[in-house]
There are 2 protein chains.
Amino acid sequence: MYIYPMYSSELIKGTLKTIVLNLLKENDRMYGYEITQKVKELTSNKIQITEGALYPTLHALEKHGDVITDKVYIGKRVRKYYILTDQGKKTVKERVNELADFMKTMRFLLDIDSSLSNV
Amino acid sequence: MYIYPMYSSELIKGTLKTIVLNLLKENDRMYGYEITQKVKELTSNKIQITEGALYPTLHALEKHGDVITDKVYIGKRVRKYYILTDQGKKTVKERVNELADFMKTMRFLLDIDSSLSNV
DNA sequence: AATTTATACATAAGAATCTAATGTATTGTT
DNA sequence: AACAATACATTAGATTCTTATGTATAAATT
């Protein structure tokens with residue numbers, strides 16, 4: 001059974017906020033651990049968000065007003081749900097558009113589309 | 001006259017080495033300043049490599065054996081040409097393939113291809 | 001002729017963002 | 001009973017960038 005390699009960490013830098021915001025756009029409410037598992041699953045283990053990266057990011061999004069939280073107890077264990085605000089919905093669009101544009105530029109710059117092996 | 005905005009710096013992080021290596025693959029020999037101008041030109045000012053980012057990157061590539069240098073004097077002014085080594089040619093392929101794969105994953109994860117506004 | 005802009009290298013302090021490690025605690029599985 | 005999974009969080013250290021600074025030559029403008 002072949003294990004897909006993870007991407008080198010430099011690549012993921014700068015896209016984490018966008019990934020998290022976009023997941024929240026599509027799922028209404030998610031908690032931290034759920035986000036790490038969902039990304040892992042959706043990317044066949046190629047992107048694994050570490051907790052040391054995720055939680056500070058979530059806290060920053062909350063501070064910035066892009067998300068609000070809802071603390072829920074499952075038995076005695078705490079869970080913090082994150083929900084997009086209206087402001088956050090705007091931020092998602094901006095971020096995703098910017099990333100899409102950036103990737104377009106990179107494909108051109110690196111002449112990627114012409115070799116069809118990676119489409 | 002509309003000035004295209006630059007991408008936020010987080011996005012560029014982690015792709016600089018790949019951009020530089022790929023340019024060297026396509027141009028045989030280039031010097032630092034030339035690289036900054038070429039990237040600026042090819043991306044309509046949307047990616048502007050700063051010297052503080054570029055020179056340390058070039059030095060790291062040399063240290064790692066991906067490039068060798070050729071110091072040339074234009075009159076009294078020095079110019080350091082960078083040339084890919086065989087090792088460097090391998091590294092370019094790996095880096096570009098990884099970035100292409102990563103962008104593919106991101107397009108899927110962020111559901112970008114379905115909205116055709118950014119293709 | 002003098003000043004400014006462009007060319008061309010380089011380094012260094014500080015910011016941002018990540019990894020890896022550590023910590024606490026509960027719940028499910030073997 | 002022991003281990004793995006769930007769920008939060010923080011911190012030291014690494015990496016990679018920005019911004020500022022420095023040095024110097026060549027070309028263009030006033």
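Proteins come first, then strands; the chains are lettered A, B, ... in the order of their sequence lines, and each starts at number 1.
- If you measure from atom CG of A:L11 to atom P of C:dT19, you get 11 Å, rounded to the nearest angstrom.
- Near DNA chain D, defined here as any heavy-atom distance below 4.0 Å, there are no residues from residues 26-37 of chain B.
- In this view, A:D86 and A:K89 satisfy the salt bridge (charged side-chain N to carboxylate O under 4.0 Å, His left out) rule, not counting sequence neighbours.
- Checked for salt-bridge contact, B:K17 and B:D66 miss the test: no charged N lies under 4.0 Å from a carboxylate O.
- The shortest side-chain heavy-atom distance between B:T15 and A:F102 falls under the 4.5 Å cut-off.
- One interatomic measurement links the two molecules: CD1 of B:I12 to P of C:dA16, which rounds to 16 Å at whole-angstrom precision.
- A donor and an acceptor atom, one from each side chain of A:T43 and A:Y7, are nowhere located under 3.5 Å apart.
- Looking at B:T18, its side chain never comes within 3.5 Å of a backbone N or O of B:R95 through a donor-acceptor pair.
- B:L58 is not listed as a side-chain neighbour of B:E62, based on a closest heavy-atom distance of 4.5 Å or more.
- In the hydrophobic clustering of ILVMFWY residues, with side-chain heavy atoms under 4.5 Å counting as a link, B:L24 and B:L42 come out together.
- In this structure, NZ of B:K71 is placed 13 Å from C1' of D:dA24, rounded to the nearest angstrom.
- Within 4.0 Å (heavy atoms only), B:R77 reaches at least one base atom of the nucleic acid.
- Here the C1' atom of nucleotide D:dT6 and the NZ atom of A:K38 are 17 Å apart, to the nearest Å.
- Per the geometry, NZ belonging to A:K63 stands 15 Å off P belonging to D:dA9, to the nearest Å.
- For the OP1/OP2 pair of D:dT15 and a distance below 4.0 Å, the side-chain nitrogens and oxygens of B:K17 include no atom meeting the criterion.
- The interatomic distance linking A:K40 (NZ) with D:dA7 (C1') rounds to 15 Å, in whole Å.
- Atom NZ in B:K76 sits about 13 Å away from atom P in D:dA27, given to the nearest Å.
- Taking every heavy atom of both residues into account, B:R79 and B:Y81 meet most closely at NH1-OH, 3.1 Å.
- Residue B:K13 places no side-chain N or O under 4.0 Å from the OP1 or OP2 atom of D:dT18.
- Residues from residues 48-62 of chain A with heavy atoms under 4.0 angstrom of DNA chain C, sorted by number: A:T50, A:G52, A:A53, A:T57.
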